[in-house]
Number of protein chains: 2
Amino acid sequence: MKPESRKQEIINAASILFTEKGYSAVTMRDLAKAMGIKAASLYNHIQSKQEILSTIIIDLAEEFTTGMNQIINSDVGSIQKLENIISLHVDVTLRNADGLGSLNSDWMHLEEENLIYFEKMRHDYEENFRNIVKKGVEKGEIKPYNIEIMVFSTLSTLRTLYLWYPNQKNIDSDILKRDMISVLLKGVV
Amino acid sequence: MKPESRKQEIINAASILFTEKGYSAVTMRDLAKAMGIKAASLYNHIQSKQEILSTIIIDLAEEFTTGMNQIINSDVGSIQKLENIISLHVDVTLRNADGLGSLNSDWMHLEEENLIYFEKMRHDYEENFRNIVKKGVEKGEIKPYNIEIMVFSTLSTLRTLYLWYPNQKNIDSDILKRDMISVLLKGVV
DNA sequence: GTCTATAATGGGATAGAC
DNA sequence: GTCTATCCCATTATAGAC
């Protein structure tokens, strides 16, 4: 383990607390206590509570955006693209499960530019997902069920993986991916 | 429409605000403004902010618990039971989508007895769900995928229906149920 | 049933010593 | 890099007039 910067330690501690109680319910005093220091000391490393939230959320959203862009630009079939999306969500969840609570439940507390930036990334992500499913249906690779329901159902499972995964003991990443692919895709394919 | 009690109007307005921003981020002033009155006036109808939250959450949780009890005590096969659970979630979502945000994201802000009561109901609900799937697998009605993944995947979709449903224009309840059953069950059956 | 006024507490953030 | 002390403002909730 390389030593983390103090700022990163604060962000990691905040990720856990925000996911447990939500951004608004966590005070700078709570966060300081978790770090073993006083609230005022936090401000030597971060500018504001809002900066912590936007760092957590924007970093994760950019990770998903980058992953999705690689997938849509790759030359594989629709099913393989969906499998790669599932794999992307499993990878991000295993690497940073703590931050995903903020991404899912506290994005509306982002301020001006970051809120707009986040909402655009989320919208584009869903649109890319939807287009993959649509093309798969057109090419006969995916069953012609209601597209919105297929997109919503798959995405809501992937988005809440972080709530469930920490309760599973030592589940292997590849086994998890394989089983998620079975359960999420074998129904619609 | 029969006229609602002032208390019920407050709870309805709070349900919307809590789902938009979360319990902790909504102030009594916000809620009063939405009602067109002053914050102090709210206290003629409710005892505390906490009472509003617990009313919203406990009523919904009891509705799910009652529905689940009817389903597990009915004399039908595992697949039919799962279909009835999907139907239960669609019904509750269409009737009270606004309150489901609190049930999903703000239950941890319940206080002592209500928190314990809620957690027991949620635990029992998941356990009943899991047992239906287990029995279905044993009887060969459901494919032998990882049970936890099937339970988690189905439940997370049903639990977040409220986020997605209001964006769908005029979707018919029966069509929604039929399509949810196709997408969620045809993969695992 | 709603209002104004206010109590009591806790929130994010800064200044300046060590 | 952390501390104590403090600022200023928002919070939930109550008292009492209308």
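Just so it is clear, the values below take in all heavy atoms, side chains as well, and ignore hydrogens, waters and symmetry mates. Numbered from 1 within each chain, the chains take letters A, B, ... in sequence-line order.
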Check: Looking just at side-chain N and O atoms, do B/D30 and B/T27 make a donor-acceptor pair shorter than 3.5 Å?
Finding: yes
Checklist line | Positions of residues 11-25 of chain A (non-hydrogen atom under 4.0 Å from DNA chain D), listed by number | finding: none
Checklist line | A/K38 vs D/dC3: side-chain N/O to OP1/OP2 distance below 4.0 Å | finding: no
Notebook entry, point to check: Between B/I37 (CD1) and C/dG1 (C1'), how many Å, whole number?
Noted result: 8 Å
Item checked: Given D/dA13, C/dG12, D/dT4, the nucleotide with the shortest approach to the side chain of A/A40 -> D/dT4
Notebook entry, point to check: Roughly, in whole Å, what's the span from CD in B/Q50 to P in D/dA13?
Noted result: 9 Å
Notebook entry, point to check: With a non-hydrogen cut-off below 4.0 angstrom, is A/R29 in contact with a base, only sugar-phosphate, or nothing?
Noted result: base
Check: Checking B/K81 side chain against B/G136 main chain: does a donor-acceptor pair fall under 3.5 Å?
Finding: no
Checklist line | Nearest-Å distance for atom pair CD/C1', residues A/E51 and C/dG12 | finding: 14 Å
Check: Atom CG of B/L53 to atom P of D/dA13: distance rounded to whole Å?
Finding: 12 Å
Check: Listed by chain and number, what are the side-chain contact (heavy atoms from CB on, under 4.5 Å) partners of B/N96, not counting sequence neighbours?
Finding: B/L60, B/D98
Notebook entry, point to check: Between the side chains of B/T157 and A/T157, does any donor sit under 3.5 Å from an acceptor?
Noted result: yes
Notebook entry, point to check: Are OP1 or OP2 of D/dC3 and a side-chain N or O of A/S41 less than 4.0 angstrom apart?
Noted result: yes
Notebook entry, point to check: Backbone N or O of B/Q47 within a donor-acceptor pair of the B/E51 side chain at under 3.5 Å?
Noted result: yes
Notebook entry, point to check: Would you say a side-chain N or O of A/Y43 is under 4.0 Å from OP1 or OP2 of C/dT14?
Noted result: no
Notebook entry, point to check: Quick check: does any side chain N or O of A/S5 sit under 3.5 Å from a backbone N or O of A/Q8, one acting as donor and the other as acceptor?
Noted result: yes
Note to self: Side chain of B/S48, heavy atoms from C-beta onward: which of D/dA13, D/dC3, C/dT4 has the nearest atom to it?
What the structure shows: D/dA13
Checklist line | Distance in angstrom units between A/Q8 CD and D/dG1 P, rounded | finding: 15 Å
Notebook entry, point to check: Any donor and acceptor pair, going by atom type alone, linking the side chain of B/S156 with main-chain N or O of B/S153 inside 3.5 Å?
Noted result: yes
Notebook entry, point to check: Counting side-chain heavy atoms from C-beta on, which of C/dG1, C/dG12, D/dG1 comes nearest to B/R6?
Noted result: C/dG1
Checklist line | Whole-Å distance separating the CD atom of B/E9 from the C1' atom of C/dG1 | finding: 12 Å
Notebook entry, point to check: What's the CG-P distance between A/L42 and D/dG1, to the nearest Å?
Noted result: 13 Å
